[in-house]
Amino acid sequence: MRNLLVTGGAGFIGSHLVRLLVNKYPEYNIYNLDLLTYAGNLENLIDVENSSNYHFIKGDITDEAQMMSLFREKQFDAVLHLAAESHVDRSILDPMAFLKTNILGTVSLLNAAKSFWKENFEGKLFYHISTDEVFGSLGEEGFFVETTSYDPKSPYSASKASSDHFVRAYSNTYGLPVIITNCSNNYGPNQFPEKLIPLCINNIKNKKPLPVYGTGENIRDWLYVIDHAAAIDKVFHKGKIGGTYNIGGFNEWKNIDLVRTLCDVMDRYHGKEVGTSQELITFVTDRAGHDMRYAIDASKMSNELGWQPSLQFEEGIEKTVAWYMENQVWLDNITSGDYQHYYQNQYNR
Ligand code: NAD
Ligand code: DAU
């Protein structure tokens with residue numbers, strides 16, 4: 001039996017990872033530690049909440065005393081650390097929240113792991129889930145590889161880059177066994193509708209404008225969230241201690257092309273004439289410091305670990321639209337309350 005701590009397991013990626021681990025590894029105890037911020041939602045895990053190897057703990061990674069006592073009590077063998085503030089636009093509004101959760105929270109977990117594993121690091125692992133945004137922004141050519149220099153440009157990416165540096169520092173200084181992965185943009189079921197794809201799905205559904213920042217020329221590399229969870233599983237079991245792996249979809253899209261495609265998929269889903277929803281597209285003021293292009297070279301993942309994305313984007317986006325349309329209660333619940341305040345503040349409407 002292994003005791004695994006997954007932080008941020010009630011969030012978007014975390015919930016898909018928890019589901020995979022609970023179902024695939026009945027011999028592991030999966031502890032999902034989450035503060036249940038606006039982004040955390042236990043409804044995401046209803047299908048596994050009664051599994052005997054699943055345990056939820058409401059907790060705050062920035063509370064070091066709580067982390068220490070949890071490590072003592074539950075005897076964790078490994079940490080898969082996803083808890084974070086994850087939305088770039090919110091980091092522009094409130095950088096300090098990102099510093100606190102993403103940097104202090106990570107260091108508090110590192111301290112707990114170091115203290116409780118220090119007698120014997122054998123078989124232990126601190127796996128830190130990070131982002132490609134730490135590498136900054138690409139021009140028209142080239143890809144982020146594992147050795148690309150860090151050049152974060154938003155408060156969010158600066159906080160994630162800092163947390164990556166702390167993880168490496170604990171490995172170098174104290175010998176803590178660590179792995180870091182840096183992944184590109186995820187999409188799929190259960191993503192909070194402040195991010196581009198679910199925000200547009202929700203707005204098309206409600207016939208609201210689709211806010212495209214700037215000219216819509218910015219490029220992102222999209223990966224289906226279940227493929228990310230599968231990649232994390234591979235790295236967790238087969239990755240080299242001390243290693244870094246880039247995870248991506250080999251799937252670059254200009255925002256404007258992606259939004260148009262999404263409109264067409266929604267039109268087809270609802271039996272409308274294709275092109276109808278594109279009329280909702282509205283160009284709005286650009287994001288401050290908006291990174292131009294992200295693109296991951298994930299060949300180390302495929303060469304060393306045999307991982308590749310399983311879904312073509314067209315299939316992934318159709319599955320995503322279908323999920324949101326079939327889970328309107330989830331969408332309506334999550335877009336009430338705080339979301340309305342955020343939306344008005346961010347988009348002035
Ligand atoms: P998310 O915002 O959907 O979920 C974050 C989760 O962390 C939520 O459940 C929230 O309640 C929890 N949380 C926040 N503060 C906490 C605290 N102090 N203590 C405990 N729990 C707390 O995020 P996501 O999109 O699922 O991203 C998960 C991780 O993956 C993040 O570290 C993010 O940086 C990274 N990542 C995300 C993407 C992406 O496209 N979404 C891509 C690459 C990497
Ligand atoms: O690259 C990985 C990162 O991807 C993760 O680390 C982050 O946690 C995740 O949020 C995501 O960051 P992005 O900023 O790339 O994702 P977002 O969905 O916010 O935006 C995608 C692109 O769409 C980006 O170029 C900004 C643009 N955009 C976004 C929103 C919310 C718009 O044009 N309009 C919008 O309303």
Side-chain angles (χ1 to χ4, degrees), residues 6-18 32-42 44-45 57-63 66-67 80-92 97-98 100-102 104-106 108-109 128-135 137 144 154 156-157 159-160 163-164 181-188 190-200 203 209-223 225 228-229 232 247-249 253-256 258-259 281-287 290-296 343 346-347:
V6 179
T7 70
F12 168 48
I13 302 169
S15 59
H16 287 280
L17 178 65
V18 164
N32 169 16
L33 175 106
D34 200 296
L35 185 59
L36 301 182
T37 67
Y38 78 94
N41 184 355
L42 288 177
N44 295 348
L45 287 165
I57 303 166
K58 184 163 184 204
D60 183 348
I61 56 165
T62 68
D63 181 345
Q66 187 189 21
M67 294 308 105
L80 295 98
H81 175 36
L82 294 93
E85 288 293 338
S86 70
H87 189 37
V88 174
D89 292 324
R90 286 188 191 251
S91 82
I92 295 167
F98 284 69
K100 184 168 176 249
T101 302
N102 298 355
L104 298 184
T106 299
S108 124
L109 274 174
H128 180 59
I129 282 80
S130 191
T131 171
D132 60 355
E133 300 200 12
V134 299
F135 300 122
S137 181
F144 297 135
S154 73
Y156 164 69
S157 55
S159 69
K160 291 296 289 188
S163 66
D164 292 12
T181 49
N182 297 87
C183 188
S184 65
N185 286 61
N186 285 216
Y187 71 99
N190 304 97
Q191 187 169 30
F192 194 83
E194 63 189 354
K195 308 282 169 71
L196 181 68
I197 290 179
L199 184 144
C200 286
N203 284 14
L210 308 178
V212 174
Y213 295 158
T215 58
E217 296 294 303
N218 304 66
I219 293 173
R220 297 292 182 266
D221 169 3
W222 294 93
L223 178 68
V225 62
H228 188 190
I232 293 173
I247 302 170
W253 283 79
K254 272 187 191 163
N255 291 340
I256 185 62
L258 187 152
V259 172
I281 292 173
T282 311
F283 293 95
V284 299
T285 310
D286 208 353
R287 172 184 280 174
H290 197 172
D291 286 341
M292 192 54 187
R293 174 172 168 256
Y294 306 145
I296 282 276
Y343 199 90
Q346 176 69 15
Y347 299 100

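Note that ligands are numbered from 1 as they come in the structure, with each ligand's atoms numbered from 1 the same way.
Atoms CD1 and CG, from Ile129 and Leu80 in turn, are 5.5 Å apart once rounded to the nearest 0.5 Å. With rounding to the nearest 0.5 angstrom, the SG atom of Cys200 is 8.0 Å from the CG atom of Leu258. To the nearest 0.5 Å, atom CG of residue Asn255 and atom NE2 of residue His290 are 5.5 Å apart. Rounded to the nearest 0.5 Å, atoms NE2 (His87) and OH (Tyr38) are 7.0 Å apart. The CD1 atom of Ile281 sits 4.0 Å away from the CD1 atom of Ile256 when rounded to the nearest 0.5 Å. Residue Ile13 holds its CD1 atom at 12.0 Å from CG of Asn44, rounded to the nearest 0.5 Å.
Remark: Arg220 is not positioned above the aromatic ring of Tyr187, lacking an NZ or CZ atom under 6.0 angstrom from the ring centre and at most 45 degrees off the axis.
Regarding atom 5 (C) of ligand 1, its nearest protein heavy-atom neighbour is Ala84 O, 3.5 Å. The nearest heavy-atom contact from the protein to atom 2 (O) of ligand 1 is Ser86 OG, 2.7 Å. Of the protein's non-hydrogen atoms, Tyr156 OH, 3.6 Å is the one closest to atom 33 (C) of ligand 1. In this structure, atom 32 (O) of ligand 1 lies nearest to the protein heavy atom Lys160 NZ, 2.6 Å. From the protein, the heavy atom lying nearest to atom 37 (C) of ligand 1 is Ile13 CD1, 3.4 Å. Annotation: atom 16 (C) of ligand 1 to nearest protein heavy atom, Leu35 CB, 3.8 Å. Closest to atom 44 (C) of ligand 1, if we only count protein heavy atoms, is Ser130 O, 3.2 Å. If you check which protein heavy atom lies closest to atom 18 (N) of ligand 1, you get Asp60 OD1, 2.9 Å.
Between the side chain of Ser15 and the backbone N or O of Leu45, no donor-acceptor pair lies under 3.5 Å. Using modelled atom types, one side-chain atom of Asp221 and one backbone atom of Gly249 make a donor-acceptor pair closer than 3.5 Å. Gln66 contributes a side-chain N or O that, together with a main-chain N or O of Asp60, makes up a donor-acceptor pair within less than 3.5 Å.
Residue contacts with ligand 1 include Gly59, since one or more of its heavy atoms lies under 4.0 Å from the ligand. Ligand 1 has Leu82 within reach: a non-hydrogen atom of the residue lies less than 4.0 Å from it. Distances from ligand 1 to the non-hydrogen atoms of Ala10 include at least one value under 4.0 Å. For the ligand labelled ligand 1, residue Tyr38 lies outside the 4.0 Å heavy-atom shell.
Asp164 pairs by the salt bridge (charged side-chain N to carboxylate O under 4.0 Å, His left out) definition with nothing, not counting sequence neighbours.
Residue contacts with ligand 1 for Leu36 involve N, CA, C or O but no side-chain atom from C-beta outward (heavy atoms, distance under 4.0 Å). Residue-level proximity to ligand 1 for Phe98 is absent, since no heavy atom of it falls below 4.0 angstrom.
Residue Phe12 comes nearest to Asn186 through the heavy atom pair CE2-CB, 3.5 Å, listed as atom of the first residue, atom of the second, then distance. In this structure, Ala10 and Leu36 approach most closely via the heavy-atom pair CB-CD2, 3.7 Å.
Closest to atom 9 (O) of ligand 1 by heavy atom, among Asn182, Leu17, Val134, Asp34, is Asp34. Atom 35 (C) of ligand 1 has its nearest heavy-atom neighbour, among Ile232, Leu223, Ile129, in Ile129.
Atoms of ligand 1 found under 4.0 Å from any heavy atom of Thr37, numbered from 1 in the order shown, are 10 (C), 11 (O), 14 (C), 15 (N). Within ligand 1, the atoms closer than 4.0 Å to a non-hydrogen atom of Cys183 are 42 (C), 43 (C), numbered from 1 in the order shown. Of all the atoms in ligand 1, the ones that sit under 4.0 Å from a non-hydrogen atom of Gly8 are 6 (C), 7 (O). Atoms of ligand 1 found under 4.0 Å from any heavy atom of Asn185 (numbered from 1 in listed order, with element): 40 (O). Contact atoms of ligand 1 toward Phe12: 3 (O), 25 (O), 26 (O) (distance under 4.0 Å to a heavy atom of the residue).
Between Lys160 and Glu133, none of the side-chain N atoms (NZ, or NE/NH1/NH2) sits under 4.0 Å from a carboxylate O, so this pair counts as no salt bridge.
Ring-plane geometry between Tyr347 and Tyr343 is classed as tilted, the angle between the planes lying from 30 to 60 degrees on a 0 to 90 degree scale. Between Phe144 and Tyr294, the ring planes lie tilted relative to each other; the angle falls in the 30° to 60° range.
Residue-to-ligand polar distances keep Asn41 apart from ligand 1: every N/O pair is separated by 3.5 Å or more. Checked against a 3.5 angstrom limit, the closest N/O atoms of Leu33 and ligand 1 fall outside it. For ligand 1, one of its N or O atoms has an N or O atom of Ile61 under 3.5 Å away.
At a 4.0 Å heavy-atom cut-off, the residues surrounding ligand 2 are Ser86, His87, Val88, Asp89, Thr131, Asp132, Glu133, Tyr156, Cys183, Ser184, Asn185, Glu194, Lys195, Leu196, Pro211, Val212, Tyr213, Asn218, Arg220, Asn255, Arg287, His290, Tyr294, Tyr347, listed by chain and number.
In Lys195, the NZ atom is crowded: over 12 heavy atoms of neighbouring residues, nucleotides or ligands sit closer than 6.0 Å.
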Evaluation steps, side-chain contact (heavy atoms from CB on, under 4.5 Å), between His128 and Thr106 = CA-CA 9 Å; His128 180 59; Thr106 299; 4.1 Å; yes
